[in-house]
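Here the structure is a predicted model, which means the values were calculated and not measured.
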Amino acid sequence: TPPTTTTTTRANKRNTHAPPPPPLPPPSLSSSSMTPMIRTSIDEEGAAPKRQARTSVTHTGPQGIYTMKADGQDTEHFKPSAKGASSWAADKDRLWTIGIESDYITLVHNAIRAEVTKFEALLYQLGDRELKPWEREAVKEWWKGHHTTVAAHINNMDNNFHPFVHARVSLTDEFEKSHEELKALLHTLDTAICNRVWKKASEIAPLWHGYRTALYPHLVEEENIVIPLMRAYFEPAEVQAKITAIIKSTPKLAVGSIIHHLAGGKDGVMTFMARQGDAWHAWYTEVHATRTMYREQMESKIESLLRGEPDLVLSHKADFAMTRALKPLALDSDLVRRPSNARAIAGRIVSEHSTGRLSQTVDPADLPGPRAAEGRGYYGHAVEAA
């Protein structure tokens, strides 16, 4: 037997006792795996390449933080508009050079998330002590500013972005109605903070955590459905023209929130301005003043409450040391453990609040954490198994 054959035979014998290879990991549900893969092959006669499309995973609709990224090619779930459909192919995403993390909608969401997270951490810092009149007034005034920002965003999505995208592709009725329960929750919060008598931060902290629990998955649903479809069906210049018009009609306080929460300081703001088509000198004529207004009217109130010093008016980043040191509370494990539709979460929280089932005081043991997985609700009260 030739040596090469002998070697091969021995290797085969050794391999008979080797453990089987590990199983392949499950397919990722990232945005890349949602896009149909195009493979090219050449037949035996050397014919021209054939395009073989692999069927993409069908979208499952809004599922909170588990929402799959929408695929413009998934026409079964996101149907193109009948009018002019031939000229509105879902192939524009290749023209986008800015990542979704820098998209205007994402930046708005980041600002809203930052406000909600900081304010919740503030409420737990204030704890169960009775607040002074100026402290309660500061909480109410901050809430009014935040409410303005969130209401402006909801209005922009309902009356600008949704109709804009819907002109070329359907967002499904289920998603387009996703703001109904969130508006009801905002109304519940507004009533609880501004129209009812409360003396301790712990009295509104449970409802605020419920608001955050419902808001976060809703923002992810918008980021994973609206943005990918908009980028698939619209060129960057078309979207930018829409965003420019939206910014002009957005309250200055809401714009200031976006600018304040941009990463990178002034350089980050200048980059944002360049993407919006603003001239560099707009920083000196308008943008800087808008950011300063936000800091004086919103961030200063949080810093004032943390320091215990009334009526602070601050504008420099270094002035907000205590605010920047706030640590976010963990999201409830009931939210991150399984898919949770944002509409269902918001409706559940409003219902529990209206029926008096929300805890009105907060014990450290009832903070979001492992106990939520043991049959406890968002706020520590016992709930029936889902």
Side-chain angles (χ1 to χ4, degrees), residues 28-35 56-72 74 77-78 93 96 98-120 146 149-154 156-158 161-162 165 169 171-186 208-232 239 257-258 261-263 328-350 368 372 378:
S28 170
L29 293 182
S30 63
S31 58
S32 59
S33 68
M34 297 299 103
T35 306
S56 63
V57 179
T58 301
H59 202 278
T60 56
Q63 293 290 312
I65 62 174
Y66 289 86
T67 301
M68 297 161 50
K69 282 185 170 61
D71 180 1
D74 182 9
H77 196 83
F78 303 104
D93 48 355
W96 288 80
I98 300 173
I100 288 181
E101 68 279 358
S102 299
D103 190 275
Y104 174 76
I105 294 177
T106 304
L107 296 179
V108 175
H109 288 178
N110 288 344
I112 293 174
R113 274 186 285 251
E115 288 190 1
V116 172
T117 303
K118 282 185 289 188
F119 194 68
E120 182 181 33
H146 174 74
T149 296
V150 177
H153 175 61
I154 291 176
N156 284 334
M157 295 303 296
D158 286 344
F161 282 113
H162 286 183
V165 176
V169 59
L171 292 173
T172 73
D173 292 339
E174 178 187 19
F175 181 76
E176 290 188 346
K177 296 178 181 178
S178 59
H179 283 146
E180 293 178 357
E181 283 76 9
L182 184 58
K183 289 178 180 178
L185 182 52
L186 287 170
W208 190 267
H209 178 65
Y211 167 52
R212 181 183 175 216
T213 303
L215 180 68
Y216 269 41
H218 171 74
L219 298 181
V220 174
E221 289 172 0
E222 287 187 343
E223 290 165 7
N224 287 354
I225 294 178
V226 177
I227 298 178
L229 290 177
M230 186 165 58
R231 289 176 168 227
V239 176
S257 178
I258 301 171
H261 291 104
L262 288 172
L329 297 171
L331 283 173
D332 196 283
S333 61
D334 189 57
L335 171 64
V336 299
R337 190 175 58 210
R338 60 176 182 268
S340 305
N341 184 290
R343 290 187 65 188
I345 295 175
R348 169 180 168 182
I349 292 165
V350 171
Y378 294 120

- Start with the C-alpha distance between Val108 and Met157, add both sets of side-chain angles, then the distance that settles side-chain contact (heavy atoms from CB on, under 4.5 Å), and finish with yes or no. CA-CA 11 Å; Val108 175; Met157 295 303 296; over 6 Å; no
- Message: I'd like to check Ile98 versus Tyr104 (side-chain heavy atoms, cut-off strictly below 4.5 Å). Are they in contact?
- Response: no
- Item | Aromatic ring pairing His146/Tyr211, orientation class (parallel under 30°, perpendicular over 60°, tilted between) | perpendicular
- Message: To the nearest 0.5 Å, what is the distance between CG on Asp74 and CG on Leu229?
- Response: 9.0 Å
- Query: If you look at every heavy atom in Ala342 and Pro217, which pair is closest and at what distance?
  - Reply: CB-C, 4.0 Å
- Task: Could you pull out all residues at least two apart from Glu223 that satisfy salt bridge (Lys or Arg N to Asp or Glu O under 4.0 Å)?
- Result: Arg113
- Task: State, to 0.1 Å, how close Ala232 and Gly72 come at their nearest heavy-atom pair, and which atoms those are.
- Result: CB-CA, 4.2 Å
- Working to the nearest 0.5 Å, report the span between CD1 of Ile258 and NE2 of His109. 10.0 Å
- Over all atoms of both residues, closest heavy-atom pair of Ala111 and Ser257: CB-OG, 3.5 Å
- Item | ring pair (Phe, Tyr, Trp, His ring centres under 6.0 Å) against Phe119, all qualifying residues, sequence neighbours excluded | Trp142, Trp208
- Can you name the closest pair of heavy atoms from Ala330 and His209 and give their distance? O-CE1, 4.0 Å
- Message: Donor-acceptor check, side chain of Thr106 to backbone of Ser102, threshold 3.5 angstrom: yes or no?
- Response: no
- Query: Going from CD1 on Ile112 to OG1 on Thr117, what distance comes out if it is rounded to the nearest 0.5 angstrom?
  - Reply: 11.5 Å
- Looking at His162, Glu222, His153, which hits side-chain hydrogen bond (donor to acceptor under 3.5 Å, both in side chains) with His179? Glu222
- Answer whether the closest heavy-atom distance between the side chains of Leu186 and Ile154 falls below 4.5 Å. yes
- Message: Once side-chain hydrogen bond (donor to acceptor under 3.5 Å, both in side chains) is applied, do any residues pair with Asp103, and if so which ones, sequence neighbours excluded?
- Response: Arg231
- Quick one: closest heavy-atom pair of Leu185 and Ala214, and the distance? CD2-CB, 3.8 Å
- Task: Measure from the side-chain N and O atoms of Glu120 to the backbone N and O of Arg212, and report whether any donor-acceptor pair falls under 3.5 Å.
- Result: no
- Item | Ile345/Glu181 under side-chain contact (heavy atoms from CB on, under 4.5 Å): CA gap, chis, key distance, verdict | CA-CA 9 Å; Ile345 295 175; Glu181 283 76 9; over 6 Å; no
- Interatomic distance, CG@Asp93 vs CG@Asp71, rounded to 0.5 Å, equals 8.5 Å
- Query: When rounded to the nearest 0.5 angstrom, what is the spacing between NZ in Lys118 and NE2 in His261?
  - Reply: 3.0 Å
- Item | Rounded distance (nearest 0.5 Å) linking atom CG of Leu215 with atom CD of Glu115 | 10.5 Å
